[in-house]
Amino acid sequence: MIGSSVRVLLAVCSIATALKKPNVILLLADDVGYGDVEYNKVVYNPAAGGVSFEPNPPRTPNLNAMAASPNSIVFDRFYAGSGVCSPTRAACLTGRTPDRECIFGAEGCGTKPAWSCIEKYPLPEPTFTIAEAAKLANYSTIHVGKWHLGDFFPKHAPKPSFAQTKWPVAHPGIHGFDEWYSTEASAPSSTTNCGCNTAWKDIANGGCIVGGGDFQAKSFDCTNYWYPTDLNTSGHQPNNPSCHAANTSALGCVTNVTTKIEGDDSAFIMDRFEDFLIRKTSTEESPFLAAIWLHSNHVQHVALPEYYYMYNDTQGQPAGDYLGTLTQMDAQIGRLRQMLQDYGVADDTLLMFTSDNGPHLDKTEETGDRTEQQATNGLRQCKASLFEGGIRVPGIIEWPAVIKENARTTYPAYVSDYLPTMLDILGMTHPNPSWAADGTSLLPLLKDPNNNSRSDDLVFSLGEQRAIIANDLKLVYAGAKGQCNTFEPPYNKLGKGPFLFNLTADPTESHDLSQELPRQYQEMVAKLASFNKSMSTSQHDECGCLGPNS
């Protein structure tokens with residue numbers, strides 16, 4: 001919680017900013033790899049492991065247009081906050097490596113119903129978020145889509161973790177979002193909640209999309225959207241404080257969708273956002289922060305017929321679930337950009353697009369003959385690895401009020417930069433200045449894209465894995481196979497390292513430089529030791545997600 005004195009300080013600071021308060025949209029795709037967008041022509045062939053491949057991007061005309069906009073910067077080296085989704089989502093909000101908040105991995109139960117799943121590590125209530133910063137600057141806030149950072153209502157875990165005991169509920173409303181229309185975890189890309197009512201599966205009632213391009217009389221689990229019950233009718237603002245505290249928010253504070261979502265999940269998300277946008281540009285006029293967190297292209301990546309049949313495999317058979325879902329998602333990104341134009345807010349909206357981690361080609365799904373090399377454009381490994389293929393992802397920032405010429409940059413940036421960028425734009429200071437912070441403001445880069453050198457490091461932690469990026473250099477410890485089908489040589493046989501790479505000369509992380517650059521290697525190893533120590537301090541003394549005996 002933020003004290004009144006801090007609120008006054010931040011409000012005063014915000015008045016001093018020279019920039020008009022922009023609207024801010026955090027547009028996050030799910031499991032979309034570096035090679036899963038058509039505009040990205042940066043291809044490494046042969047790929048990691050020496051594998052040659054034929055690039056095969058999906059058709060993404062709307063992301064192509066965003067990348068080519070005169071008001072956009074395209075990042076050749078943009079990074080997720082981790083190799084899996086929940087940690088990256090925490091980093092988006094907090095500006096910190098997610099292990100600092102004990103968000104150690106992708107928890108939850110996939111697409112299982114919310115009432116059947118318990119998330120062991122919620123986003124800690126004391127941690128300051130970008131949505132809370134926006135609220136202090138009198139923004140309206142909304143989260144739509146995948147949350148994956150805690151339970152929406154009390155579930156009474158039989159053996160709760162220390163964090164669960166402290167914060168049994170961690171829905172978006174507890175972390176700064178006025179409005180939210182969210183799922184606790186993953187969801188199919190089409191007919192999202194079709195498994196929530198047996199009648200909805202009947203072909204007479206439309207059936208469900210479960211792969212293969214046709215509506216069928218079967219479904220996935222009951223994945224559903226939830227939303228708050230305490231919004232007032234005059235401004236859609238929360239009016240029940242007990243629903244916005246981790247220890248008092250109850251089941252009655254939330255409810256779920258009871259009608260069938262007929263088609264594209266991304267379209268459903270954009271429908272919810274458009275309702276919000278209409279109000280915030282008319283009767284409830286206000287600057288806004290929107291976290292639009294799509295479910296595509298996470299499994300189950302099942303495409304609607306019109307997108308499925310756009311793609312064939314090498315044998316000429318329809319194979320469009322993976323690629324088709326990406327094009328299906330792209331159509332809604334185009335709709336979002338058009339909305340901003342139609343409602344007159346495009347110029348003053350900072351739109352940031354990326355993905356939560358690298359790709360996952362689940363061969364039990366109908367991915368056709370798409371390869372991991374195609375999905376990463378040749379980078380090493382994929383989702384759940386801290387090698388490049390697991391964390392380097394598409395990245396575009398569009399902001400007409402500030403960016404006046406299209407640019408590409410090799411500046412290494414990541415989602416932990418979102419919060420410090422927001423604070424910089426609003427002229428605010430962080431209410432916990434003594435806490436560790438892992439991001440840096442991108443505002444200077446947005447004003448001058450010619451600066452490709454970063455002053456501080458990018459840091460990553462996932463399970464035993466660690467990675468540190470210092471401009472060209474990258475140190476990897478215990479780099480893993482991830483959710484790939486193959487652990488590319490040579491690191492499948494060389495132990496945990498640490499290994500040192502020059503990403504400019506060697507983007508596929510094929511040549512360990514630890515012996516050739518001993519001074520730089522020792523400097524990076526020392527940074528790793530300091531990083532590990534600081535994470536323990538954050539967990540115990542800052543957010544308090546671990547107990548004294550942990």
Side-chain angles (χ1 to χ4, degrees), residues 1-2 24-26 28 86 89-90 92-93 108 113-115 117-119 122-125 127-136 138-156 164 167-185 187 192-193 196 222-259 261 265 268-280 283-284 286-295:
M1 302 298 289
I2 302 167
V24 177
I25 299 177
L26 312 179
L28 187 68
S86 299
R89 293 162 201 281
C92 281
L93 299 180
W115 51 83
C117 296
I118 296 174
E119 299 219 18
L123 185 64
E125 191 171 21
T127 300
F128 186 67
T129 71
I130 191 171
E132 290 173 323
K135 289 303 299 174
L136 293 174
N138 297 316
Y139 275 58
S140 296
T141 56
I142 186 171
H143 178 277
V144 195
K146 182 176 179 179
W147 178 243
H148 219 186
L149 290 170
D151 292 327
F152 289 171
F153 49 86
K155 298 179 184 175
H156 310 294
Q164 279 176 304
W167 310 298
V169 180
H171 60 61
I174 290 171
H175 294 285
F177 291 99
D178 301 328
E179 301 182 48
W180 50 279
Y181 234 93
S182 311
T183 63
E184 279 201 354
T192 314
N193 67 347
C196 297
C222 175
T223 301
N224 216 340
Y225 282 84
W226 296 76
Y227 56 96
T229 59
D230 72 325
L231 299 183
N232 63 35
T233 55
S234 59
H236 291 80
Q237 294 296 307
N239 61 14
N240 184 350
S242 67
C243 290
H244 295 265
N247 284 294
T248 56
S249 187
L251 179 59
C253 293
V254 300
T255 190
N256 62 292
V257 173
T258 57
T259 56
I261 299 170
D265 177 73
F268 179 82
I269 288 172
M270 294 304 173
D271 288 346
R272 306 286 78 71
F273 172 70
E274 185 168 18
D275 174 72
F276 172 86
L277 182 61
I278 289 170
R279 289 185 279 104
K280 299 310 171 183
T283 57
E284 301 169 9
S286 167
F288 62 81
L289 168 80
I292 302 177
W293 290 0
L294 307 174
H295 294 104

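Atom set for the values below is all heavy atoms of this structure, side chains included, hydrogens, waters and symmetry mates excluded.
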Item to check | Test log, rule side-chain contact (heavy atoms from CB on, under 4.5 Å), inputs His244 and Asp230 | outcome: CA-CA 10 Å; His244 295 265; Asp230 72 325; 2.9 Å; yes

Item to check | Ring-face cation of Lys135 near Tyr139 (centre distance under 6.0 Å, axis angle within 45°) | outcome: no

Next on the checklist: The criterion is side chain to side chain donor-acceptor pair (under 3.5 Å); which residues satisfy it with Ser140, sequence neighbours excluded?
Outcome noted: Lys280, Ser286

Checklist entry - To the nearest 0.5 Å, what is the distance between CG (Asn240) and CG (Asn232)? => result 12.0 Å

Next on the checklist: Within the 3.5 Å criterion, strictly below it, is a donor on Thr192 or His295 matched to an acceptor on the partner's side chain?
Outcome noted: no

Item to check | Residue list, side chain to side chain donor-acceptor pair (under 3.5 Å) with Thr255, at least two apart or on another chain | outcome: none

Checklist entry - Can any side-chain N or O of Lys155 pair as donor or acceptor with the backbone N or O of Glu119 at less than 3.5 Å? => result no

Item to check | Verdict with reasoning, Leu136 to Phe128, per side-chain contact (heavy atoms from CB on, under 4.5 Å) | outcome: CA-CA 11 Å; Leu136 293 174; Phe128 186 67; 4.0 Å; yes

Checklist entry - Where do Ser182 and Pro172 come nearest, in terms of heavy atoms and distance? => result OG-CG, 3.9 Å

Checklist outcome for this item: In terms of heavy-atom contacts, Ser249 and Ile174 come closest through CB-CD1, 4.3 Å

Checklist entry - Taking Thr129 for the side chain and Leu93 for the main chain, is one N or O donor matched with an acceptor at less than 3.5 Å? => result no

Checklist entry - Would a 4.5 Å heavy-atom cut-off, applied to side chains only, mark Lys146 and Arg89 as touching? => result yes

Item to check | Sequence-distant partners of Asn247, side-chain contact (heavy atoms from CB on, under 4.5 Å), two or more places apart | outcome: Pro168

Checklist entry - Excluding sequence neighbours, so at least two apart, what forms ring-ring contact (aromatic ring centres under 6.0 Å, His included) with Trp293? => result His143

Checklist entry - In Å and rounded to the nearest 0.5 Å, what is the CZ to CD1 distance from Phe273 to Ile142? => result 7.5 Å

Next on the checklist: Tell me which one of Phe276, Trp226, Phe152, Tyr225 satisfies ring-ring contact (aromatic ring centres under 6.0 Å, His included) with Trp180.
Outcome noted: Phe152

Checklist entry - So Met270 and Leu294, side-chain contact (heavy atoms from CB on, under 4.5 Å) or not? Walk me through it. => result CA-CA 9 Å; Met270 294 304 173; Leu294 307 174; 4.3 Å; yes

Item to check | salt bridge (charged side-chain N to carboxylate O under 4.0 Å, His left out) partners of Arg272, counting only residues at least two apart | outcome: none

Checklist outcome for this item: Residues passing the disulfide (SG to SG under 2.5 Å) test with Cys92, sequence neighbours excluded, are none

Item to check | N/O donor-acceptor pair under 3.5 Å between Asn224 side chain and Val257 backbone | outcome: yes

Checklist entry - How would you list, by chain and number, every residue that makes a side-chain contact (heavy atoms from CB on, under 4.5 Å) with Asp275, sequence neighbours excluded? => result Arg279

Checklist entry - Can you list the steps and then say if Asn256 with Val254 is a side-chain contact (heavy atoms from CB on, under 4.5 Å)? => result CA-CA 7 Å; Asn256 62 292; Val254 300; over 6 Å; no

Checklist entry - Between the side chain of His171 and the main-chain N/O of Cys243, is any donor-acceptor distance below 3.5 Å? => result yes

Next on the checklist: According to side-chain contact (heavy atoms from CB on, under 4.5 Å), who are the partners of Pro113, at least two apart in sequence or on a separate chain?
Outcome noted: Trp115, Ser116, Asp221, Cys222

Checklist entry - Listed by chain and number, what are the side-chain contact (heavy atoms from CB on, under 4.5 Å) partners of Ala170, not counting sequence neighbours? => result Pro122, His175

Item to check | Main-chain N/O of His148 paired with Ser86 side-chain donor or acceptor, under 3.5 Å | outcome: yes

Checklist entry - When Ile269 is tested against each of Ile261, Thr183, Ile292 for side-chain contact (heavy atoms from CB on, under 4.5 Å), which residue passes? => result Ile292

Checklist entry - How close do Pro238 and Leu231 get, heavy atom to heavy atom, and via which atoms? => result N-CD2, 3.7 Å

Item to check | Residues that Glu274 engages under salt bridge (charged side-chain N to carboxylate O under 4.0 Å, His left out), provided they are two or more places apart | outcome: Arg335

Checklist entry - So, for Thr229 and Gly252, which heavy atoms are closest and what is the spacing to 0.1 Å? => result OG1-O, 2.7 Å

Item to check | Thr248: partners by side chain to side chain donor-acceptor pair (under 3.5 Å), with sequence neighbours left out | outcome: none

